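Nothing here was measured: the structure is a model prediction, and the numbers come from that model. Remember, it's 1-based here, ligands and their atoms both numbered in the order they're listed.
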Amino acid sequence: MSALPFDGHAIAPETQAFLASTHQLLIGGAWVEGSGELAVTDPATGLELTRVQTGGAAEVDRAVIAARRAFDGPWSRMTVAERTALMHRLARIMEQHATLLTQLDILDNGMPGFIAGLTTANCVEMIDYYAGAIMRIEGTTTAPPRHIATETEALTYTLREPVGVVGQIVPWNVPLSTAILKLAPALAAGCTVILKPSEETPLSVLALGQMVLDAGFPAGVVNIVNGLGAEAGAAIAAHPGIDKVSFTGSTATGRRIVSAALGNLKKVSLELGGKSPVVIMPDADLSLAIPGVAMATFFLQGQNCMAGTRIFAHADIHDELVAGLAAFAGAMTLGHGLDPATMQGPMISDAHTAKVMGYIEGARESGATLVAGGARLDRPGNFVQPTIYTDCRPDMALVREEIFGPVMAVDPGTGATDG
Ligand code: NAD
């Protein structure tokens with residue numbers, strides 16, 4: 001059932017209750033007071049949704065102590081069957097609260113409802129998948145080198161062991177999904193975790209924290225320290241008590257994390273930004289290629305690390321392709337993610353909108369030809385029209401750099417049909 005409307009859109013009672021509650025940090029199995037506070041706004045309206053407490057170095061320190069205690073204690077002593085059961089229990093609880101998780105990602109991130117619904121379902125599947133993987137963690141035995149075998153009895157084998165305490169830092173573009181992609185395999189491997197959501201989108205991860213407690217995970221297995229990147233994130237990357245940091249976000253931050261991690265030579269995993277090409281050959285079925293190419297760029301309003309935004313169109317099909325893409329872009333409905341008609345939501349923030357608009361204006365100045373969009377909508381929220389440029393050259397910034405917005409660069413190509 002729907003409850004109070006938010007900007008004209010109904011929000012479930014559970015979501016209303018969550019937004020009205022106090023949002024602290026999850027450390028050592030309890031919600032604890034943070035040292036700061038941030039407002040969380042809806043990027044589709046600019047309205048404040050709620051306020052969340054934040055932590056820095058001191059809170060990360062407490063979380064590391066709790067995670068180490070859980071790693072050395074209950075978590076490592078649990079049988080694989082017990083850990084598997086806990087993860088399946090978490091998946092069932094997430095299923096029961098799927099509307100809450102979905103609506104929080106819509107409100108906090110701005111993503112359209114059809115995407116948020118899919119990502120929530122996918123997150124539940126990932127938890128179940130990795131719960132199943134716990135039972136299949138295997139090593140191998142290998143034949144010992146001959147000179148050892150002739151002199152002594154020897155057994156050589158590989159043993160997969162948990163790394164230990166893992167710091168996980170995630171971005172804002174798919175908040176719950178990027179968190180679960182890190183959390184689920186780490187828990188399956190037997191690690192304990194300090195998870196930091198993006199300060200832009202902490203809500204679904206904080207709701208997940210309560211579900212972890214309700215599932216019965218031992219205290220300290222999952223800790224959530226919401227906070228600014230330069231404070232909580234930097235403290236995680238540098239902390240000597242953290243054995244591994246797993247990061248998803250921008251390339252610039254990835255570099256900072258690598259330097260900060262040098263102190264204790266912790267293991268580092270990085271999933272960073274990029275610029276993905278799409279090639280359209282002359283024999284492509286354009287009725288399929290046009291929506292496919294359009295959504296490669298405009299899916300998640302282009303705030304997608306896999307976005308295919310650099311289009312190489314063969315000269316033979318260029319004009320028809322571009323006309324189809326422009327028609328597709330022109331027909332996209334921009335709006336609030338809670339509106340089922342919405343195909344594209346807002347940019348995450350004012351600052352990010354300014355960055356995207358900078359690329360759009362820069363492309364015009366560098367001689368690219370605008371064929372669709374090109375403007376910020378004159379309404380509340382951070383809405384940028386789906387934008388297409390053609391006559392793009394490889395030296396242009398919009399061709400070379402990750403924009404993380406709904407901006408497509410088409411290279412008109414020069415190939416001949418038989419080339
Ligand atoms: P970002 O690098 O600004 O922030 C990501 C996270 O790092 C946030 O939690 C932030 O608080 C934290 N952070 C910021 N400064 C930090 C510091 N000095 N030390 C430690 N942590 C710090 O990235 P973003 O703007 O949130 O996300 C967009 C970027 O993420 C894009 O470049 C996108 O391509 C990338 N991304 C990559 C993937 C992938 O799988 N490769 C997936 C999603 C997003």
Side-chain angles (χ1 to χ4, degrees), residues 25 34 36 38 40 43 52 54-57 59-60 63-64 105 108-111 115 119 122-123 126 166-185 193-206 224-239 242 244-263 266 268-276 296-297 299-310 347-356 359 382 400-407:
L25 314 177
L38 282 175
V40 181
V52 292
T54 57
E59 289 75 15
V60 167
V64 172
D105 268 2
D108 206 355
N109 166 278
M111 65 174 70
I115 298 176
T119 59
N122 188 240
C123 286
M126 279 195 276
V166 178
Q168 305 187 328
I169 303 174
V170 296
W172 46 260
N173 66 322
V174 209
L176 186 64
S177 193
T178 47
I180 295 290
L181 268 166
K182 296 207 179 301
L183 190 62
V193 169
I194 296 133
L195 174 62
K196 193 196 90 59
S198 167
E199 57 270 41
E200 302 276 7
T201 56
L203 298 183
S204 56
V205 168
L206 292 171
I224 299 173
V225 181
N226 176 43
L228 296 173
E231 296 173 5
I236 289 172
H239 202 290
I242 293 182
K244 167 168 180 160
V245 64
S246 176
F247 170 75
T248 301
S250 65
T251 305
T253 306
R255 286 202 177 89
R256 282 187 207 109
I257 292 200
V258 170
S259 327
L262 286 175
K266 58 173 69 66
V268 178
S269 298
L270 303 172
E271 294 179 285
L272 306 176
K275 185 85 184 172
S276 303
T297 293
F299 179 78
L300 267 176
Q301 38 280 6
Q303 298 176 147
N304 168 19
C305 59
M306 303 173 291
T309 55
R310 185 179 181 182
M347 302 288 92
I348 189 69
S349 63
D350 238 359
H352 188 55
T353 309
K355 182 183 158 201
V356 172
Y359 277 103
N382 312 317
R400 304 181 72 83
E401 294 169 22
E402 182 185 49
I403 300 174
F404 227 52
V407 187

**Study point:** Protein residues having a heavy atom less than 4.0 Å from any atom of ligand 1
**Key:** Ile169, Val170, Pro171, Trp172, Asn173, Lys196, Pro197, Ser198, Glu199, Gly229, Gly233, Ala234, Phe247, Thr248, Gly249, Ser250, Thr253, Arg256, Ile257, Glu271, Leu272, Gly273, Cys305, Glu402, Phe404
Exercise for review: Please report the C-alpha distance between Asn382 and Ile348 in whole Å, then the side-chain angles of each, then the deciding distance to 0.1 Å, and finally whether the side chain to side chain contact (heavy atoms under 4.5 Å, CB included) criterion is met.
Suggested key: CA-CA 7 Å; Asn382 312 317; Ile348 189 69; over 6 Å; no
Exercise for review: Starting at CD1 of Ile242, measure out to CD of Gln168 and round the result to the nearest 0.5 Å.
Suggested key: 10.0 Å
Check your understanding: Looking at Leu25, Val205, Leu195, which hits side chain to side chain contact (heavy atoms under 4.5 Å, CB included) with Asn226?
Key -> Leu25
Check your understanding: When you look at Asp105 and Ser204, which way does the side-chain hydrogen bond (donor to acceptor under 3.5 Å, both in side chains) test go after all the steps?
Key -> CA-CA 6 Å; Asp105 268 2; Ser204 56; 2.7 Å; yes
Exercise for review: Begin from the C-alpha positions of Tyr359 and Val407 and carry the test side chain to side chain contact (heavy atoms under 4.5 Å, CB included) through to its verdict.
Suggested key: CA-CA 8 Å; Tyr359 277 103; Val407 187; 5.6 Å; no
Revision key, fill the gap. On a heavy-atom basis, the closest approach of Gly308 and Thr297 is O-OG1, 2.7 Å
